[in-house]
Q: 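If you scroll down you'll find the structure; I have some questions about it.
Order of listing sets the numbers, starting from 1, for every ligand and every atom in it. Here the structure is a predicted model, which means the values were calculated and not measured. Residues: numbered from 1 along the sequence shown. Hydrogens, waters and symmetry mates are skipped; everything else that's a heavy atom, side chains included, is used.
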Amino acid sequence: MAIARPMSERVDEILRLTPVHDIHTHLYDPAFGSLFLSGIDDLLVYHYLVSEGFRQFDVPYDRFWAASKTEQAEWIWRALFIEHSPVSEACRGILTVLRAYGLDPRQSDLGRLRSWFAAQKPAEMLERVLKIANVASICMTNSPFDDEERPLWERGFDRDPRFKAALRIDPLLMDWPRSSARLREWGYDVSAGRSERTVSEVRRFLADWTRRIDAGYCMVSLPPDFAYPADTDTAWLIREAVLPHGREHGQGFALMLGVKRGVNPALKLAGDGVGRSNLDALQNLCAENPDNRFLVTVLSRESQHEAVILARKFRNLHPFGCWWFTNTPQLIEEITTLRLELLGTSFTPQHSDARVLDQLIYKWSHSRQVLGRCLTRKYTDLQAAGWLVRDDEIRRDVTELLGGGFERFLRR
Ligand code: FIX
Ligand code: ZN
């Protein structure tokens, strides 16, 4: 009699072999030149590690920011890998990446690691990373307000079809006085006040950029005190421009809730924090706009349960990812289990949020490991309840969870 394979082996193998569609990253198509980050120094100066580095070294903030990337990377390497054990999730990530390339960080100093990375060809590295991480497509975060990326979209470029676009509109919604001035510069007839003409011009702006970048969805990150409805520019622009635009273009609206920007501005990109969101705003958005599709990820651990319950109530809401401070193995396991138990497979457990190409390797290998544990437990429970779990069904579920369900939700 054939011995049944352990459930964990079956699940892990299917997870490893199923390509992922990474629905939110900060990576760019290589055509964006210097915005395309890769290699050991970019990995080390990742803002997750910058904030951890500052906990260990005494370098003054100004001195750190005035230093070259190489010097910053050296400080971080020394503080987090040499003088202390690299136990944090972001540190462990670097080890996973080096190991995947066959590099032993114990045998190599930073100089040798640098030489290895310098000898690689960027185009080959892209193929290699996508293969190791088994990533089929990457969704970028594309902001018309970003002065580095906007010119390339305006000029046009040969696009790698594996890089998808998402229209990011934080400045539009969070800083209307300044962004209305920018829209005017770009030829949109808007005024700082609230008028019908302004609304239709903002919609024209959204439509132009949706077409220009072929945006799969529109997205914003919002602070814990975001309220809807409310007498604020943010709520007014969402109600009058973003939601009608979404309905007209069949475009989903992704909300990333609970970020407190610039809690410590001296840390720059590493200085953002977290706060509990009032999810009544999300409830109101979903209830009042059944013809809009909302995607949501929440930053605080405390908000996770409430967000899942809202998704049970509103079929136009799709939870995604374990964002940033929740992208740690223990929290991914907790949040994913919670979602599986309350939503079945109708959510997207993870996005990478990668900023450096090589990070795809560790973000997806670590997330697949945790997802494997969660699914193994669930399928084992099903077998115990008398439901024989077939491999083709596991494959179907995993395909949904690794991006298929997200795509289906958006096209519904
Ligand atoms: O707003 C976002 O999309 C965040 O993910 C970023 O702002 C953040 O800096 C980040 O990289 C988190 O992983
Ligand atoms: Zn992000």
Q: Please note down the angle at the Zn ion (ligand 2) between NE2 of His26 and OD1 of Asp353, to the nearest 10°.
A: 80°

Q: Looking at Phe54 versus Phe64, is the centre-to-centre ring distance below 6.0 Å?
A: yes

Q: Check Val220, Leu206, Thr234 against Val242 for a side-chain contact (heavy atoms from CB on, under 4.5 Å) and give me the one that passes.
A: Leu206

Q: Please verify the inter-ring angle class for Phe205 with Tyr188; under 30° counts as parallel, over 60° as perpendicular, anything in between as tilted.
A: perpendicular

Q: Just checking Arg411: does its CZ atom have more than 12 heavy atoms from other residues, nucleotides or ligands closer to it than 6.0 angstrom?
A: yes

Q: Can you report which non-hydrogen protein atom sits closest to atom 3 (O) of ligand 1, along with the distance?
A: Arg168 NH1, 2.9 Å

Q: Do Arg355 and ligand 1 have an N or O pair less than 3.5 Å apart?
A: yes

Q: If you measure from the Lys or Arg side-chain nitrogens to the Asp or Glu carboxylate oxygens, is any gap between Asp391 and Arg10 under 4.0 Å?
A: yes

Q: I'd like to check whether Tyr46 has a polar contact with ligand 1, where a contact means an N/O of the residue lying under 3.5 Å from an N/O of the ligand.
A: no

Q: Within the stated cut-off of 2.8 Å, is an N/O/S atom of His24 closer than that to the Zn ion (ligand 2)?
A: yes

Q: Please say which of Asn142, Thr25, Leu126 ends up in a side-chain contact (heavy atoms from CB on, under 4.5 Å) with Phe163.
A: Leu126

Q: Is the closest heavy-atom distance from Arg261 to ligand 1 below 4.0 Å?
A: yes

Q: Of all the atoms in ligand 1, which lie at a distance below 4.0 Å from a heavy atom belonging to His24?
A: 3 (O), 5 (O)

Q: Inspect the surroundings of CZ in Arg276 and state if more than 12 heavy atoms from other residues, nucleotides or ligands are less than 6.0 Å away.
A: no

Q: Is there a polar contact, in the sense of an N or O pair closer than 3.5 Å, between Asp272 and ligand 1?
A: no

Q: What residue and heavy atom of the protein are closest to atom 4 (C) of ligand 1, and at what distance?
A: Trp323 NE1, 3.4 Å

Q: Are the aromatic ring centres of Trp186 and Phe145 under 6.0 angstrom apart?
A: yes

Q: Examine the proximity of ligand 1 to Met219 and report which part, side chain or backbone, both or neither, has a heavy atom under 4.0 Å away.
A: neither

Q: Look at atom 13 (O) of ligand 1 and say which protein heavy atom is nearest, naming residue and atom and giving the distance to 0.1 Å.
A: Tyr48 OH, 2.6 Å

Q: For atom 10 (C) of ligand 1, which protein heavy atom lies nearest, and how many Å away is it?
A: His47 NE2, 3.3 Å

